[in-house]
Amino acid sequence: MIRKTGVVTTVTSAIPILQPCIEQQSNNNLDRWITPPSNLMHTMSDAELFWRASFVPQLRKYPFPRVPKVAFMFLTKGPLPLAPLWERFFKGHKSLYSIYIHSLPSYEPRFPSTSVFYDRQIPSQIAEWGRMTMCDAERRLLANALLDISNEYFVLVSESCIPLYNFTVTYRYISRSKYSFMGAFDDPGPFGRGRYNPDMLPEVNISQWRKGSQWFEVNRNLASIIISDVRFYPKFLEFCRPACYVDEHYFPTLLTIRAPKLLANRSLTWVDWSRGGPHPATFGANDITEVFMQKLHEGRECLYNDEPSTLEWERDCWIPKTEVVAAMVEEVVSWREEAVVGWPIAR
């Protein structure tokens with residue numbers, strides 16, 4: 001303020017209109033949409049999570065270099081006793097996979113910061129075998145994995161699964177297939193159509209009723225269909241309860257109705273049902289020998305992309321590879337843990 005000859009003049013300093021906004025704008029570029037969450041723990045409800053995960057780009061061409069990844073989704077009760085074997089499986093392929101773990105809510109993982117499983121736990125709830133809560137857990141895994149736009153393939157495994165092929169072969173087998181590996185077959189017997197409830201009508205006709213393994217691999221399109229479903233979920237929730245085991249019927253039936261031409265109609269996971277009962281055989285450390293692994297090649301060969309293949313790993317239904325497994329057997333035996341055998345993952 002300047003006083004002169006009785007006149008008061010006010011001088012105001014100029015305040016720049018343009019302010020540096022580089023930091024503020026950095027969150028509005030493409031990275032905001034394509035960078036996966038740095039922390040898998042969040043406070044979203046299932047409804048909020050499924051809504052967020054259901055966002056699907058309408059343009060097929062990505063405006064950035066995208067390397068398709070395989071999301072390995074571990075549905076467990078708690079610890080991963082076979083983690084050392086999986087560590088070897090994943091080593092050297094960081095840009096091609098991601099990991100998600102759904103366990104009992106009370107379980108607190110203690111993986112070292114150097115482990116591929118470190119901080120890969122998602123918000124979890126109790127999952128009961130044969131109940132819809134089991135499918136809820138699987139949908140929760142899919143939804144969390146869908147938040148990473150680079151995840152293109154989604155593989156469900158358990159803590160008792162082991163990889164039998166190396167990562168390169170496994171990735172190639174999945175990514176080059178034009179089908180997703182989910183079993184969805186029409187079983188006319190008491191454990192198939194015998195579980196169908198007519199109250200499923202009109203949404204599900206008995207001719208559409210399917211059965212398949214709980215363990216599956218689906219692509220991003222099918223994963224989106226599963227987590228976005230609101231039409232068939234209520235029917236299965238109400239009318240498929242033990243002795244109808246919903247985890248064997250919900251996804252196979254849903255995808256048979258919504259996208260039947262995208263299914264290979266078989267799982268990649270090898271199991272042994274020869275002993276009977278509601279669960280497949282469990283193999284202890286003494287069972288896991290090179291001779292045992294060799295037997296996995298016997299008995300059945302599958303088509304790959306509708307054609308016979310000259311490559312052994314494409315002909316094999318379960319893609320076990322003895323020379324890879326042989327190097328792993330000593331570790332499995334030394335741990336003395338019960339392991340179930342499956343494909344690059346064994347159940």
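One finds the OH atom of Tyr107 at 7.0 Å from the OG1 atom of Thr76 (value rounded to the nearest 0.5 Å). Atom CZ of residue Phe251 and atom SG of residue Cys135 lie 4.5 Å apart, to the nearest 0.5 angstrom. Interatomic distance, OG of Ser54 versus CD1 of Ile226, reported as 14.0 Å (0.5 Å rounding). Note that CD of Gln121 and CG of Asn144 are 11.0 Å apart. Values are rounded to the nearest 0.5 Å. Of the inter-residue distances, the one linking Arg52 atom CZ with Leu49 atom CG reads 9.5 Å to the nearest 0.5 angstrom. With rounding to the nearest 0.5 Å, the separation of OG1 in Thr133 from CG in Leu237 is 10.0 Å.
Residues Ile149 and Tyr62 have side chains in contact (heavy-atom distance under 4.5 Å, counting atoms from C-beta outward). Looking only at side-chain heavy atoms (C-beta outward), His42 and Pro123 come within less than 4.5 Å of each other. When side chains are defined from C-beta on, Gln125 does not count as touching Leu104, because their heavy atoms never get closer than 4.5 Å. Within the 4.5 Å cutoff, no side-chain heavy atoms of Phe181 are placed close to those of Asn265. Between Asp119 and Asn39, the closest side-chain pair of non-hydrogen atoms is not below 4.5 Å. The closest side-chain heavy-atom distance from Leu146 to Ser224 is below 4.5 Å. Residues Ile122 and Ser124 form a side-chain contact, since some pair of their non-hydrogen atoms from C-beta on lies under 4.5 Å apart. With contacts defined as side-chain heavy-atom distances shorter than 4.5 Å, the pair Glu138/His102 does not qualify.
For the residue pair Tyr179/Asp306, the side-chain donor-acceptor check at 3.5 Å is satisfied. For the residue pair His249 / Arg210, no side-chain donor-acceptor distance below 3.5 Å is found, with atom types taken as modelled. There is a side-chain donor-acceptor pair under 3.5 Å between Tyr233 and Asp136. In summary, the side chains of Thr256 and Gln208 do not present any donor paired with an acceptor at a separation below 3.5 Å, with no hydrogens or angles considered.
Of all the heavy atoms in Arg120 and Val116, the pair that sits closest is CG-O, 3.4 Å.
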Worksheet item: Could you go step by step and tell me if Asn151 and Tyr153 meet the side-chain contact (heavy atoms from CB on, under 4.5 Å) rule?
Response: CA-CA 6 Å; Asn151 286 332; Tyr153 311 102; over 6 Å; no
Practice prompt. Let me see the working for Arg66 and Ile34 under side-chain contact (heavy atoms from CB on, under 4.5 Å), right down to the final yes or no.
Written response: CA-CA 9 Å; Arg66 178 179 182 262; Ile34 66 176; over 6 Å; no
Worksheet item: Given Asp229 and Arg258, is the salt bridge (Lys or Arg N to Asp or Glu O under 4.0 Å) satisfied, shown in steps?
Response: CA-CA 10 Å; Asp229 173 50; Arg258 294 290 309 277; 5.4 Å; no
Practice prompt. Decide yes or no on side-chain contact (heavy atoms from CB on, under 4.5 Å) for Val56 and Asn221, but give the supporting numbers first.
Written response: CA-CA 9 Å; Val56 178; Asn221 180 27; over 6 Å; no
Worksheet item: When you look at Glu87 and Ser115, which way does the side-chain contact (heavy atoms from CB on, under 4.5 Å) test go after all the steps?
Response: CA-CA 7 Å; Glu87 297 271 4; Ser115 171; 2.5 Å; yes
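In summary, Glu203 and Lys235 engage in a salt bridge, as defined by a charged side-chain N under 4.0 Å from a carboxylate O. A salt bridge does not link Arg193 to Asp187: none of the charged side-chain nitrogens sits closer than 4.0 Å to a carboxylate oxygen. The pair Arg131-Asp247 fails the salt-bridge criterion, with no side-chain N (NZ, NE, NH1 or NH2) lying under 4.0 Å from an Asp/Glu carboxylate O.
No continuous path of ILVMFWY side-chain contacts below 4.5 Å connects Met44 to Met41, so the two sit in separate hydrophobic clusters. Cluster annotation: Trp209 and Phe232 are assigned to the same hydrophobic cluster (Ile/Leu/Val/Met/Phe/Trp/Tyr, side-chain heavy-atom contacts under 4.5 Å, transitive). By the criterion of side-chain heavy atoms lying less than 4.5 angstrom apart, applied directly or through intervening Ile, Leu, Val, Met, Phe, Trp or Tyr residues, Val67 is grouped together with Ile99 in one hydrophobic cluster. In the hydrophobic cluster analysis, where Ile, Leu, Val, Met, Phe, Trp and Tyr join through side-chain heavy atoms closer than 4.5 angstrom, Ile126 is grouped apart from Leu141. Both Tyr250 and Trp129 sit in one connected hydrophobic cluster of ILVMFWY residues. Membership requires side-chain heavy atoms under 4.5 Å apart, directly or through other members.
The closest donor-acceptor contact from the side chain of Glu248 to the backbone of Tyr245 lies at 3.5 Å or more, if one exists at all. Side chain of Ser180 to backbone of Asn219: a donor-acceptor contact under 3.5 angstrom is found.
Ser177 is linked by a side chain to side chain donor-acceptor pair (under 3.5 Å) to nothing, counting only residues two or more places apart in sequence or in another chain.
When the options Ser113, Pro112, Pro109 are evaluated for a side-chain contact (heavy atoms from CB on, under 4.5 Å) with Tyr118, the one that passes is Ser113. Between Phe74 and the options Tyr100, Trp215, Trp86, a ring-ring contact (aromatic ring centres under 6.0 Å, His included) holds for only Trp86.
Using bins of under 30°, 30° to 60° and over 60° for the plane-to-plane angle, the ring pair Phe167/Tyr171 lands in the parallel bin. Note on ring orientation: taking the six-membered ring where Trp is involved, the planes of Phe117 and Phe90 are perpendicular (angle over 60°, cut-offs 30° and 60°).
Residues Tyr173 and Tyr304 bring their aromatic ring centres within 6.0 Å.
Note that Arg139 lies in the cation-pi zone of Phe50, set by a 6.0 Å cut-off to the ring centre and a 45° limit from the axis.
Other residues, nucleotides and ligands contribute at most 12 non-hydrogen atoms within 6.0 Å of the CZ atom of Phe191. Annotation: Lys77, atom NZ; neighbour count of heavy atoms from other residues, nucleotides and ligands within 6.0 Å does not exceed 12.
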